[in-house]
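To keep things clear, I will list the structure first and then write my remarks on it.
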Amino acid sequence: MPKSVVNSLHNLNNHWQQQLAESITDPHELLSLLQLSAQDFPDCHLASKDFQLRVTRAFAAKMQAGDRQDPLLLQVMANGIERDVVDGFNRDPVGDLAAMPVPGLLHKYLGRVLLVTTGACAVHCRYCFRRHFPYSDNQPGRNDWQAALDYIRQRDDIHEVILSGGDPLVLSDQKLGKLIQAIADIPQVRRLRIHTRLPVVLPDRISPELLSLLSQTRLNVCMVIHANHAREITAPESEALARLHGADITLLNQCVLLRGINDSLAAQIELNETLYQHKVLPYYLHLLDPVQGAAHFHVDATTATSLMGQLRCHLPGYMVPRLVVEIPGECSKIPVDKL
């Protein structure tokens, strides 16, 4: 990428909250910075009105100027094709709304619950299964998690709480710390799992303050990051992951199989090799959730299963993620080879 483009993308305050505030939300600004034309992404402005483009400058800086097929760009760039109506793709593809006994809490699987901590993300992934989720109608009021916490407290079989969203790490340390302490005060809860994209899209979020907060809880902390391509992990992300590992936080990765982005054997080998090099264990490789607006990313189960067979021939088992699909009403994610 030309130095002038890199400089414009990195021209920001180092504090993570300031970086978040300076995220790119205008498709034409992103295209201009990457020296691309709006003709490469027809009706991108209309698609962004439906689901706003949002990307941190730290993530955009890893994109290759002049390459409309850049695998990082394709994950976040609005495109008019998203407005096509495709049979089988809907607004609640994993049945979230039917699994919410109290606002902000999903209870799909035995032994664990998920808190939808916020509707905000640092990056709007165009394939996001919650891109249509009605956050305003299904979240507790600000700082009011009492109903969700009471629900957990009343069930002795809940041993793990998952923080998701949106992205829980866009919360301030104060809000995040208050919520984690409230969870830790529930005796039967043993584990805290955090699902987040920030270590690879806003690595400065992994601050000493955050690490201290996560290290001080009695809960066993697992962080599931979300990287889809090896190029998402450069020097700043490597340092952030090292800080997390140094704080004794278990690191896993979940990835979505995306057509034209990471659906090749070479891309999957490089991604999983890179993850393991940074002490992140590959966890799940998801078939795309059939959310309205993302059909152009779909890879069918037969192709995905063939790819996984090839991957197992090239990597040791501990570096091969489980290929799964989420089916509403099932008691867990389903291995695709069991369908």
Side-chain angles (χ1 to χ4, degrees), residues 1-12 19-20 22-38 40-41 44 47-48 51-79 81-82 121-128 131 167 169 196-205 225-241 253-264 266-275 277-278 280 282 285-286 288 293-294 296-299:
M1 181 178 292
K3 185 176 293 186
S4 60
V5 176
V6 173
N7 288 343
S8 66
L9 289 168
H10 280 301
N11 184 23
L12 41 80
Q19 292 184 44
L20 195 61
E22 295 182 0
S23 295
I24 300 167
T25 58
D26 181 351
H28 297 289
E29 179 185 1
L30 180 59
L31 291 173
S32 177
L33 288 169
L34 295 174
Q35 302 171 4
L36 292 168
S37 167
D40 293 322
F41 295 89
C44 59
S48 187
F51 180 48
Q52 185 183 40
L53 180 144
R54 175 174 292 276
V55 59
T56 60
R57 294 175 188 271
F59 193 72
K62 294 180 283 189
M63 299 173 187
Q64 181 61 48
D67 182 4
R68 70 168 308 277
Q69 296 296 331
D70 182 278
L72 278 60
L73 172 65
L74 292 178
Q75 293 181 53
V76 302
M77 187 61 203
N79 193 324
I81 197 172
E82 298 171 27
C121 284
V123 167
H124 286 177
C125 301
R126 308 313 295 182
Y127 51 86
C128 177
R131 59 181 286 169
D167 196 308
L169 290 193
T196 179
R197 192 104 157 91
L198 266 69
V200 294
V201 303
L202 190 61
D204 284 345
R205 177 63 182 104
I225 69 167
H226 176 186
N228 291 319
H229 197 278
R231 278 182 42 201
E232 296 177 32
I233 301 175
T234 62
E237 295 77 31
S238 174
E239 293 166 6
L241 293 171
N253 184 67
Q254 58 180 352
C255 171
V256 180
L257 188 61
L258 301 165
R259 186 168 66 190
I261 293 173
N262 60 9
D263 59 336
S264 70
Q268 285 296 322
I269 290 174
E270 186 180 12
L271 171 61
N272 291 295
E273 289 272 16
T274 301
L275 289 167
Q277 179 184 344
H278 292 89
V280 181
L285 176 61
H286 293 268
L288 179 76
H296 55 294
F297 291 119
H298 176 66
V299 177

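Note that these values count all heavy atoms, side chains included, but never hydrogens, waters or copies made by symmetry.
Put simply, the side chain of Gln19 does not reach to within 4.5 Å of the side chain of Arg57, judged on heavy atoms. By the 4.5 Å heavy-atom criterion applied to side chains, Leu257 and Gln268 are counted as neighbours. For the pair His28/Cys44, a side-chain contact is recorded, criterion being any heavy-atom separation below 4.5 Å from C-beta on. Under the 4.5 Å side-chain criterion, counting only non-hydrogen atoms from C-beta, Arg126 is in contact with Arg131. For the pair Ser23 and Thr56, the minimum side-chain heavy-atom distance is below 4.5 Å. Within the 4.5 Å cutoff, the side chain of Val299 has no heavy atoms near those of the Leu288 side chain. Put simply, the side chain of Pro199 reaches to within 4.5 Å of the side chain of Leu241, judged on heavy atoms. Counting heavy atoms from C-beta outward, Asn228 and Leu271 have side chains that stay 4.5 Å or more apart.
The minimum heavy-atom distance linking Ala47 with Asn79 is given by the pair CB-O, 3.3 Å. Here the shortest heavy-atom pairing between Met77 and Pro27 reads CE-CB, 3.5 Å. Closest heavy-atom contact between Gly260 and Leu74: O-CD1, 4.0 Å. Taking both residues in full, the closest heavy atoms of Thr25 and Ser48 are given as O-OG, 4.0 Å, listed atom of the first, atom of the second, then distance. When every heavy atom of Ile24 is checked against every heavy atom of Leu53, the shortest pair comes out as O-CD2, 3.3 Å. Ser238 and Ile233 get closest at one heavy-atom pair: N-CG2, 4.3 Å.
A donor and an acceptor atom, one from each side chain of Thr234 and Glu237, are located under 3.5 Å apart. Counting only N and O atoms by type, the side chains of His286 and Gln254 include a donor and acceptor under 3.5 Å apart.
The CG atom of Asp263 lies 11.0 Å from the CZ atom of Phe297; values are rounded to the nearest 0.5 Å. Note that the OG1 atom of Thr274 and the CG atom of Asn253 stand 10.5 Å from one another [nearest 0.5 Å]. Distance CG/Asn272 to CD1/Ile269: 9.0 Å, rounded to 0.5 Å.
Asp40 is linked by a salt bridge (Lys or Arg N to Asp or Glu O under 4.0 Å) to Arg68, counting only residues two or more places apart in sequence or in another chain. Applying the salt bridge (Lys or Arg N to Asp or Glu O under 4.0 Å) rule to Arg231 yields the partners Asp70; only residues at least two apart in sequence or on another chain are considered. With sequence neighbours excluded, the residues that form a ring-ring contact (aromatic ring centres under 6.0 Å, His included) with His226 are Tyr127.
At distances below 3.5 Å, not a single donor-acceptor pair connects side-chain atoms of Arg205 with backbone N or O atoms of Ala240. Glu232 contributes a side-chain N or O that, together with a main-chain N or O of His229, makes up a donor-acceptor pair within less than 3.5 Å.
Among Asp67, Ile261, Leu30, the single residue meeting the side-chain contact (heavy atoms from CB on, under 4.5 Å) criterion with Leu73 is Leu30.
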